[in-house]
Chemist: 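There's a structure below that I have some questions on.
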Amino acid sequence: GAVVSQHPSRVICKSGTSVKIECRSLDFQATTMFWYRQFPKQSLMLMATSNEGSKATYEQGVEKDKFLINHASLTLSTLTVTSAHPEDSSFYICSARDHRDSDNEQFFGPGTRLTVL
Amino acid sequence: GIQVEQSPPDLILQEGANSTLRCNFSDSVNNLQWFHQNPWGQLINLFYIPSGTKQNGRLSATTVATERYSLLYISSSQTTDSGVYFCAVVGGGSYIPTFGRGTSLIVHP
């Protein structure tokens, strides 16, 4: 199946700093990528839909100025957590869809564990 | 939007036992996937199954789209099957995927 990578796999940062997470589709092109957040023992919560070449669509309650998304190419989307605080600590997961796939099958990255001290 | 319910929420098995996990959804779907999240958090794609039946080793899945449910069967469970199993659907007129709350499985040796 298609492969999606995320970098970094885990990051620890100080409160007030910004953290960038990369999501790459390695062997296919993705016009659409999704960013999810997962709290311990909970399901995945969709944060935003990232579309190549256009602005991301954010879910209700997600601050777009806090979580900056850029999808500059068909294989890369980035999520930047700006001025991170301890409450932003979470597991962030991206997924991507092959733009040629009419079935909308999703392929997930391995996730990034963010800890804000 | 479309609602997704998974059952049971928790399941504890002895190694070698069989189990059935269920996913109910509230509207027609054009995409349904089962995932296994391992203890390290990684999501593994198990099945893409908007309808019909598929098998992969000890795992199989069946989706009855007309009755709005899908089942994931695990046979001869192993400790490595432990983790959380999620069902995710796309449907109800939206292209946005919706996840269920998952079934947490623990398999004891």
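Lettering of chains follows the sequences in order, A, B, ..., and the numbering in each one begins at 1.
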Chemist: Which pair of heavy atoms, one from A:H85 and one from A:S15, lies closest together, and at what distance?
Modeler: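 Answer, listing the atom of A:H85 first, then A:S15: ND1-OG, 3.2 Å.
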Chemist: Report which part of B:Q6 has an atom under 4.5 Å of a heavy atom belonging to chain A: side chain, backbone, both, or neither.
Modeler: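 Neither part; nothing is under 4.5 Å.
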Chemist: For a quick test of reading the model, state the closest non-hydrogen atom pair linking B:T20 to B:P8 and the distance between them.
Modeler: O-CD, 4.3 Å
Chemist: Please say which of B:L11, B:V107, B:L105 ends up in a side-chain contact (heavy atoms from CB on, under 4.5 Å) with B:S77.
Modeler: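 The single option meeting the side-chain contact (heavy atoms from CB on, under 4.5 Å) with B:S77 is B:V107.
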Chemist: So which residues of residues 87-94 of chain A are in contact with chain B at a heavy-atom cut-off of under 4.5 Å?
Modeler: A:F91, A:I93
Chemist: For the residue pair B:F25 and B:S70, what are the closest heavy atoms and their distance?
Modeler: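 Residues B:F25 and B:S70, closest heavy atoms: CE2-N, 4.0 Å.
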Chemist: Taking the side chain as everything from C-beta on, heavy atoms only, tell me whether B:R58 gets closer than 4.5 Å to B:I74.
Modeler: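 SC-SC contact between B:R58 and B:I74 confirmed.
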Chemist: For atom NE2 of A:H7, decide whether the heavy atoms of other residues, nucleotides or ligands shown that lie under 6.0 angstrom number more than 12.
Modeler: no
Chemist: Kindly write out the residues that satisfy salt bridge (charged side-chain N to carboxylate O under 4.0 Å, His left out) with A:E22, not counting sequence neighbours, or none if the list is empty.
Modeler: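 Here the qualifying residues are A:R24.
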Chemist: Counting only non-hydrogen atoms closer than 4.5 Å, does A:L44 touch chain B with its backbone (N, CA, C, O), its side chain (CB onward), both, or neither?
Modeler: both
Chemist: I want to check something: taking the side chain as every heavy atom from C-beta on, are B:N31 and B:Y48 in contact at a cut-off of under 4.5 Å?
Modeler: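 Yes - at least one pair of side-chain heavy atoms lies under 4.5 Å apart.
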Chemist: Indicate the atoms forming the closest heavy-atom contact of A:V116 with A:L114, along with that distance.
Modeler: CG2-CG, 3.9 Å
Chemist: How about B:L59 and B:K54: do any of their side-chain heavy atoms sit closer than 4.5 Å?
Modeler: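 B:L59 does not reach B:K54 side chain to side chain.
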Chemist: Between A:V62 and A:M47, what is the shortest heavy-atom contact and its length?
Modeler: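 Scanning both residues, the minimum pair turns out to be CG2-O, 3.7 Å.
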Chemist: Which residues from residues 30-43 of chain A are near chain B, with near meaning under 4.5 Å between non-hydrogen atoms?
Modeler: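 Under the 4.5 Å heavy-atom cut-off, A:F34, A:Y36, A:Q38, A:Q42, A:S43 qualify.
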Chemist: Could you tell me the separation between the OG1 atom of A:T57 and the CD1 atom of B:I96, rounded to the nearest 0.5 Å?
Modeler: 7.5 Å
Chemist: As an exercise, state the distance from OH of B:Y69 to SG of B:C23, rounded to the nearest 0.5 Å.
Modeler: 12.0 Å
Chemist: Do you know the tightest heavy-atom contact between B:I2 and B:S28?
Modeler: CD1-O, 4.1 Å
Chemist: Anything in residues 73-82 of chain A with a heavy-atom distance to chain B below 4.5 Å? Please list those residues in order.
Modeler: none
